[in-house]
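Keep in mind that this is a model prediction, so the values were computed, not measured.
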Amino acid sequence: MAKNLLIVESPAKAKTINKYLGKDFHVLASYGHVRDLKPKEGAVDPDHDFAMAYEIIERNEKHVDAIAKAARQADDIYLATDLDREGEAISWHISEILRERGLTEGKQLHRVVFSEITQKAIKAAVAEPRELSLDMVDAQQARRALDYLVGFNLSPVLWRKVQRGLSAGRVQSPALRMIVEREEEIEAFVPREYWSVDADLQHAGGDFKARLTRLYGKRFEQFDLTNEADAMTARSRLIAAAGGQLSVTDVGSKERKRRPAPPFTTSTLQQEAARKLGFSTSRTMRVAQGLYEGVSLGSEGSVGLITYMRTDATALSEDAVAELRQLIARDFGAESVPAAVQVYKAKSKNAQEAHEAIRPTSALRTPRTIAAFLNDDQRKLYELIWKRTVACQMVHATLNTVSVDFALPQTEGGDAGFRATGTTVVSPGFLAVYEEGRDQRSAEDDDEGRRLPRLQVGDSVPLRDILADQHFTEPPPRYSEASLVKALEEYGIGRPSTYASIIQVLLNREYVLLDSRRFKPTDVGRAVGKFLTQHFSRYVDYDFTAHLEDELDAVSRGEEAWVPLMQRFWQPFKQQVDEKTETVDRSEASGARELGFDPKSGKPVSVRLGRFGPYAAIGTKDDEEKPQFASLRPGQSMHTLSLEEALELFKLPRKLGQAENGDEVSVGVGRFGPFVKQGAVYASLKAEDDPYTIELPRALQIVEEKLLLIANRTIKDFGNGIQVLNGRYGPYITDGDKNAKIPKDQEPAELTLEQCQELLAAAPAKKARGGRAATKKAAVKKTAVKKTAVKKAATKSATTKAAATKKAAVKKTAVKKAAVKKTATRKAATKTAPKTKPEAATGPQD
């Protein structure tokens, strides 16, 4: 057995590191976090300095046991989890588990960190271990406690006031607020018409256009050409004054330099991968994790290809810079190497946690030389990282911007002028390798690459036409993944390792959806966002959230204690939770809106959020008659629905006519979407069918297809609950609880009962369906089974004890009748004893 045990987080990393350290080391993986707060209320105790009750994560128990077994036989233990505060906390949890099991006595515990998985970096880290940083551990514990307390206290308020099953997160909520507020800006935006005017010019050196810059003796921006009549008047006057040509009055040329972008941080990598590769943030981090932990390069074995990918540092090591300069000189020429090393400063005080920016572990491994060993995603992301890193150490690009002015002094109402601009690359520098992407193009971007013909003052250039084009101002765009990450970083909300999880949580909870790769809040998301903004404004305030992140950073640096920070947060937060629970009206919290009155009944028409989503209502619960309800159509929002649109919804159900057998045929919208009904038969409409316009023949066709499917559904029925059925994806076997696939070489109609039973026994259990409702149902069922088992065990135990007592009593003399009586009394007390309570339900976590 190796005398040294080294613990990392992932098995892939363990495999790569194991070959570097040799037989003296046994490398094991913790498979991520090993302990977490108990998933029930009270796991964080504010009354006792926020003491935390941890338990081993069930899925990782076997890995913890393997680590403990190896630790028992090891002389020294090296904790080599990730180098950020989360990794520090994992190392601390492992050390606490080993200490509690008595496995650390007489052993040395070492903390080692490295930002790249290379032989040189690993051996250097092991040679220079350090102590665990309890400051970083405290910062991570404080973050976890804050998220826990917000989740367990704020989420129940959402259940009562907005909708069951919702949850709120300390960091996700401000991000949701951003998306909701942007949507409200878009809805409130009123487009404004404006016109641009350009001169279309002809030249032997190439045709080009010039923008109108002066009109009627003033800068063009001072004139609001907001209608066609004014634009056409200006165009006519300009054409008349030009006389078929424009004269050059000034030629300017300005050379400027553009520096390369810094090497990647987590944030900028996520942004660029979204812009250039179309990767989601979670996809980017997943692929980067694989590149960091190691990829098999044939005879080289598993090699870590990039440095640690959770970082806000922009520094590069001296060795990395030296290698980059060597590669640039070799592949792009000595003139592409700057005289001095390019140095970039990090924005964050805590950038030292990760030491370096994201870079290739060796720039000499070019994308081309290792492409054969990478999958498509790995190849794309590695190439992006490699190019950005190489470019950051190359010389600046030199650009030449040329501007040409044209004047029309004879224009009616005052002089007029046009300007043409173009930018050419004099020396590409780093642009030969990489150019940073942008979320939105600017006028400067449009000019780049546009070449103007050689012109001199006094030249006359033929005018082909004056072009007047209509435009409308546009609302601010919805956030993309790249722009949302950028905004979160600018506001200081979250940290590099949290951006991907923030976005994933919002998507998983269906608070937002991606529409053309842009975030759009759902009605539930808007209700949650508005409720939190109105009633818990401090806790979704961008500055407050950013300041709290700064305080957590201060804790990690040992500048602040974590318990006072928690107390400052907890006391006013809990007070506000209690107050809002009592005072906020549910209809207000869920975003209910009064739209007007129904012209037929005179009753109020409203739209509100219900258990199964948004719906419109005619009337109220106080009316003598029951209110009418109608679900909103796909694409409709309760926040923008008009009275007219709401009234349209009540045209359903529609009676379409009768089938040949006399059954009435109607169409409506239910909990599971639009349907057609014939007699007692329901059939879902297809995606292309509109319940408001569908006609009787098409409805009958849909019902006929459903009846045909029902008729042909049963292939074989064994009469004991086991059936062979035709399903949506082909034939299958079911017993009501489990479904089993039919082997390709088996004919469904020829299956025997024994064969079906064997296939069902080998089939996996059905996955729960129906989201939160199914989860709750499963939990209730599990609790009921547990209670029944406890009751049976108690009954069995009581019966056994009673029998033994009776037997003993019969054998003993009459003198011991008092003992028999005492036993009977104890039995009576046992019957009236309270039943064992089920374990407390698991609450929300963020």
Close side-chain approach of T424 to V402, heavy-atom, < 4.5 Å:
no

Please name the pair of heavy atoms, one in K387 and one in Y434, separated by the smallest distance, quoted to 0.1 Å.
O-CB, 3.8 Å

Give a yes or no on this: more than 12 heavy atoms of other residues, nucleotides or ligands lie within 6.0 Å of atom CD of E255.
yes

Quick check: are there more than 12 heavy atoms from other residues, nucleotides or ligands sitting under 6.0 Å from CD of E510?
no

Is it the case that the side chain of S236 and the backbone of M232 share a donor-acceptor pair, with hydrogens and angles ignored and the cut-off at 3.5 Å?
yes

May I ask you to check whether T281 and Q270 show a side-chain donor-acceptor distance below 3.5 Å?
no

Value rounded to 0.5 Å, distance of CZ in R368 from CD1 in I370:
11.5 Å

Check whether the side chains of S362 and E323 place a donor and an acceptor atom closer than 3.5 Å, and report yes or no.
yes

Given 3.5 Å as the limit, does a donor-acceptor pair link the side chain of D230 with the main chain of N227, or not?
no

Step by step, would you call I179 with F519 a side-chain contact (heavy atoms from CB on, under 4.5 Å)?
CA-CA 7 Å; I179 295 169; F519 290 109; 4.0 Å; yes

Are any side-chain N or O atoms of T398 and backbone N or O atoms of V426, one a donor and one an acceptor, separated by less than 3.5 Å?
no

Under 3.5 Å, is there a donor-acceptor pair between the side chain of T284 and the main chain of A273?
no

If you measure from OH on Y491 to NZ on K486, what distance do you get to the nearest 0.5 Å?
12.5 Å

Can a salt bridge be assigned to the pair D376 and R379 using a cut-off of 4.0 Å between side-chain N and carboxylate O?
yes

With a 3.5 Å distance limit and no angle check, can you tell me whether R517 reaches the backbone of A274 through a side-chain donor-acceptor pair?
yes

Atom pair CD1/CZ of I328 and R325 - distance to nearest 0.5 Å
7.5 Å

Do other residues, nucleotides or ligands put more than 12 heavy atoms under 6.0 Å from the NZ atom of K209?
no

So do K520 and E183 actually touch side chain to side chain, heavy atoms under 4.5 Å?
yes

For L324 and R359, run side-chain contact (heavy atoms from CB on, under 4.5 Å): C-alpha distance rounded to whole Å, both residues' side-chain angles, the deciding distance at 0.1 Å, then the answer.
CA-CA 11 Å; L324 286 165; R359 61 165 176 84; 5.9 Å; no

Is the H471 ring parallel, tilted or perpendicular to the Y194 ring (thresholds 30°, 60°)?
parallel

Looking at every heavy atom in both T369 and L364, which two are closest together, and how far apart are they?
OG1-O, 4.5 Å

Minimum heavy-atom distance between P477 and R518, given as atom pair plus value
CB-NH1, 3.9 Å

When you measure from the side chain of S637 to the backbone of H639, do you find a donor-acceptor pair of N or O atoms at a distance under 3.5 Å?
yes

Do Q342 and M394 have side chains that get closer than 4.5 Å, going by heavy atoms?
no

Using the rule given for side-chain contact (heavy atoms from CB on, under 4.5 Å), can you reason through T423 versus R256, listing the C-alpha separation, both sets of side-chain angles and the distance that settles it, and then say yes or no?
CA-CA 10 Å; T423 300; R256 59 188 175 90; 4.1 Å; yes

Would the distance check show the side chain of T213 and the main-chain N or O of G417 forming a donor-acceptor pair, the cut-off being under 3.5 Å?
yes

Donor-acceptor pair, distance only, cut-off 3.5 Å: does the side chain of R388 make one with the backbone of P262?
yes

Keeping R593 on the side-chain end and M638 on the backbone end, is there a donor-acceptor pair under 3.5 Å?
yes

Is it true that E272 and R275 make a salt bridge, defined as a side-chain N closer than 4.0 Å to a carboxylate O?
yes

Check whether the side chains of Q271 and S267 place a donor and an acceptor atom closer than 3.5 Å, and report yes or no.
yes

Between the side chain of S247 and the main-chain N/O of S460, is any donor-acceptor distance below 3.5 Å?
no

Identify whether the distance between the nearest side-chain nitrogen and carboxylate oxygen of E435 and R258 falls below 4.0 Å.
yes

Closest non-hydrogen atom pair, W386 against L327
CZ2-CD2, 3.8 Å

Within a strict 4.5 Å, meaning less than it, do heavy atoms of the D377 and F279 side chains meet?
yes

Heavy atoms, side chains only, cut-off 4.5 Å: are F264 and T389 in contact?
no

In this structure, are over 12 heavy atoms from other groups packed under 6.0 Å from E688 atom CD?
yes

Give a yes or no on whether E193 atom CD has more than 12 heavy-atom contacts from other residues, nucleotides or ligands under 6.0 Å away.
yes

Is the shortest distance from a Lys or Arg side-chain nitrogen in D465 or R235 to a carboxylate oxygen in the other one below 4.0 Å?
yes

Roughly how far, to the nearest 0.5 Å, is the CZ atom of R182 from the CZ atom of R478?
11.0 Å

Atom CZ of R211 and atom CG of L467: how far apart are they, to the nearest 0.5 Å?
13.0 Å

Taking C-beta and beyond as the side chain, do L212 and F406 meet within less than 4.5 Å on heavy atoms?
no

Would you give the length of the straight line joining atom CD of Q393 to atom CD of Q326, rounded to the nearest 0.5 angstrom?
14.0 Å

Does some side-chain heavy atom of E356 sit less than 4.5 Å from a side-chain heavy atom of L316?
yes

Kindly determine whether L514 and E481 satisfy side-chain contact (heavy atoms from CB on, under 4.5 Å), including the steps that lead there.
CA-CA 9 Å; L514 278 170; E481 289 212 36; 4.2 Å; yes

Give me the atom names and distance for the closest heavy-atom approach of L408 to A242.
CD2-CA, 3.6 Å

Any L291 side-chain heavy atom under 4.5 Å of M309 side chain:
no

Of all the heavy-atom pairs spanning T421 and S403, show the shortest one and how long it is.
CG2-CB, 3.9 Å

Does NZ or CZ of R177 fall inside the cone over Y542's six-membered ring, less than 6.0 Å from its centre and within 45° of the axis?
yes

